[in-house]
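Data block below; observations after.
None of the values given here were measured: they were computed from a predicted structure. Throughout, a chain's letter reflects where its sequence line sits, starting with A, and its residues are numbered from 1.
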2 protein chains.
Amino acid sequence: MTVVPPGPRTRIVAAAMELFADKGFGSTSIADILGRAGVNSGSLYHVFPGKQDLLVAVLEAYRDGIGPMLLAPAWNGVDDPVERVFALLGRYRELLVASDCRYGCPIGSLALELHEPDPVVRERLAENFAAWSDAIRNCLETAHDRFPADTDLAALAEFALMVMEGAVMQARTFRDVARFDRGVAQLRRHFDSLMQETAP
Amino acid sequence: MTVVPPGPRTRIVAAAMELFADKGFGSTSIADILGRAGVNSGSLYHVFPGKQDLLVAVLEAYRDGIGPMLLAPAWNGVDDPVERVFALLGRYRELLVASDCRYGCPIGSLALELHEPDPVVRERLAENFAAWSDAIRNCLETAHDRFPADTDLAALAEFALMVMEGAVMQARTFRDVARFDRGVAQLRRHFDSLMQETAP
DNA sequence: GTCTATACCCTGATAGAC
DNA sequence: GTCTATCAGGGTATAGAC
């Protein structure tokens, strides 16, 4: 296990992740990124041909970080697969609370900010969403016997993602976590009613 | 009933509505708006002090148009209040299909694009969401006897909005209406399971 | 690979005649 | 109220020495 000091590329991507999440892609200037990364223009353009290539690298970093950076902490100590769904939503609640309801899902925000994304960018956005809902689908399949046999577990996982994104958007716009909580409560009720049908 | 040719202000707001929806706020330049509205810089700045004031006007136009421009056509010929919820979602489906899944809710897109909105802007965004979910809540209250007495109909209306926004985001990112349809199907199931509890 | 300096363009906004 | 011309600033990206 060797620890090396992060090279310029790593620092640039890390800075861009933070800034794109905080201000969005269009409102983040290259100068902002250079400043935060402590790097000069020449180094950045040596590694990335242009700003969009940096965006692609950021989206790949998010995608690859979903497991270790998002799911692992959210699921620490939570074994029940269905509870893991709501533990993940609970993580977003924490992020909302910690930010006074200014938090926005970085991927969701980029997905709506970029109206005509390059195919490469759109593909990376989709990969992020797919990784998220696939992880939830895996949970649901582990608990498949609690749902009616004909339940579309992939669709249910996608639904959880939709509700999360919609709930974060609403909580953020109204600066009110209660909106998020009410959305999650509806989702919980939906899950319960599905599982009810196979209760012993 | 008098019809007057639209003045500059009207043309400017109309042009800005279209462009903000198509490209977003940040990616729309004043020059874009002037070009589409057929107006010169002097006229625009005579009416609006700055770009953000124009954004506020656009958000107010959307808010005031929700009834006549969105709900009225969606609900034409649909009398059942619960079906009206899904008729409205059906309208978004049409917009997705007509745009090859490039459609995005203009308000949702702005809500996520603008990371640190001025309080006035945030308030107008919230008013738009509130007008949407209030209209749905009214439908649900008209049909309140089909739901268990303790059902939080306002929360259910907010939930419909969250699902719509999440479903449009996903359908758009994956360029696939089927994602939208699966989300709506889950919502329908949720409604059905709630109404089941009070079936005769 | 990294530095500084800068080219070149487009942005929002203004000035002042009409 | 509307026109044209323009300002000042910041944007991405590049050039070329080191």
Side-chain angles (χ1 to χ4, degrees), chain A residues 4-59 61 109-110 113-121 124, chain B residues 4-61 109-110 113-122 124:
Chain A
V4 291
R9 193 198 140 96
T10 307
R11 292 210 309 282
I12 291 167
V13 171
M17 286 179 82
E18 294 174 17
L19 287 163
F20 291 169
D22 281 0
K23 325 200 316 172
F25 177 73
S27 298
T28 298
S29 71
I30 301 285
D32 290 337
I33 297 166
L34 297 176
R36 176 167 303 211
V39 157
N40 293 102
S41 164
S43 301
L44 188 148
Y45 283 102
H46 180 74
V47 178
F48 298 105
K51 197 182 176 188
Q52 174 177 298
D53 303 272
L54 178 49
L55 172 61
V56 171
V58 163
L59 291 172
S109 298
L110 288 168
E113 177 190 349
L114 306 169
H115 286 232
E116 279 167 357
D118 188 279
V120 183
V121 171
R124 293 298 177 281
Chain B
V4 291
R9 195 199 138 95
T10 307
R11 291 211 308 282
I12 290 166
V13 172
M17 286 179 80
E18 294 173 17
L19 287 164
F20 291 169
D22 281 359
K23 325 200 317 174
F25 177 73
S27 298
T28 298
S29 71
I30 301 284
D32 290 337
I33 297 166
L34 297 176
R36 178 168 300 213
V39 157
N40 294 100
S41 164
S43 301
L44 188 148
Y45 283 102
H46 180 74
V47 177
F48 297 104
K51 196 182 177 188
Q52 173 177 297
D53 304 272
L54 177 49
L55 172 60
V56 170
V58 163
L59 291 171
E60 290 172 349
S109 298
L110 288 168
E113 176 190 350
L114 306 168
H115 286 232
E116 280 169 354
D118 189 277
V120 184
V121 170
R122 194 187 60 74
R124 294 298 177 280

Evaluate the side-chain contact (heavy atoms from CB on, under 4.5 Å) criterion for residues B:Phe20 and B:Ile33: first the C-alpha distance (whole Å), next the side-chain angles of each, then the deciding distance (0.1 Å), finally the verdict. CA-CA 9 Å; B:Phe20 291 169; B:Ile33 297 166; 4.1 Å; yes
What is the minimum heavy-atom distance between A:Ile30 and A:Leu44, and which atoms define it? CG2-CD1, 4.3 Å
Would you compute the distance between atom OG of B:Ser27 and atom CG of B:Asp22 and round it to the nearest 0.5 angstrom? 11.5 Å
Spacing of B:His115 atom NE2 and A:Ser109 atom OG [to the nearest 0.5 Å]: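 Between atom NE2 of B:His115 and atom OG of A:Ser109 there are 4.5 Å.
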Looking at C:dT2, C:dT4, D:dT4, which one has an atom nearest to any side-chain atom of A:Asn40? C:dT4
Whole angstrom is fine here: how far is it from [atom1] in [X] over to [atom2] in [N]?
{"X": "A:Arg11", "N": "C:dG1", "atom1": "CZ", "atom2": "C1'", "value": "13 Å"}
{"X": "A:Leu34", "N": "D:dG10", "atom1": "CG", "atom2": "P", "value": "16 Å"}
{"X": "A:Phe48", "N": "D:dT12", "atom1": "CZ", "atom2": "C1'", "value": "16 Å"}
{"X": "B:His46", "N": "C:dA15", "atom1": "NE2", "atom2": "P", "value": "15 Å"}

Each nucleotide N or O in nucleotides 12-14 of chain C that has a protein N or O under 3.5 Å away: list the pair and distance.
residue: C:dG12; atom: OP1; partner: B:Thr28; partner atom: O; Å: 3.4
residue: C:dG12; atom: OP1; partner: B:Ile30; partner atom: N; Å: 3.4
residue: C:dG12; atom: OP1; partner: B:Lys51; partner atom: NZ; Å: 3.0
residue: C:dG12; atom: OP2; partner: B:Ile30; partner atom: N; Å: 2.7
residue: C:dA13; atom: OP2; partner: B:Tyr45; partner atom: OH; Å: 3.2
residue: C:dA13; atom: OP2; partner: B:Lys51; partner atom: N; Å: 3.0
residue: C:dT14; atom: O4; partner: B:Ser41; partner atom: OG; Å: 2.7

If you draw a 6.0 Å radius around CD in B:Glu60, do more than 12 non-hydrogen atoms from other residues or ligands fall strictly inside? yes
May I have the list of side-chain donor-acceptor pairs in residues 48-58 of chain B shorter than 3.5 Å, sequence neighbours left out?
residue: B:Lys51; atom: NZ; partner: B:Phe25; partner atom: O; Å: 3.0
residue: B:Lys51; atom: NZ; partner: B:Thr28; partner atom: O; Å: 2.8
residue: B:Asp53; atom: OD2; partner: B:Gly50; partner atom: N; Å: 3.1

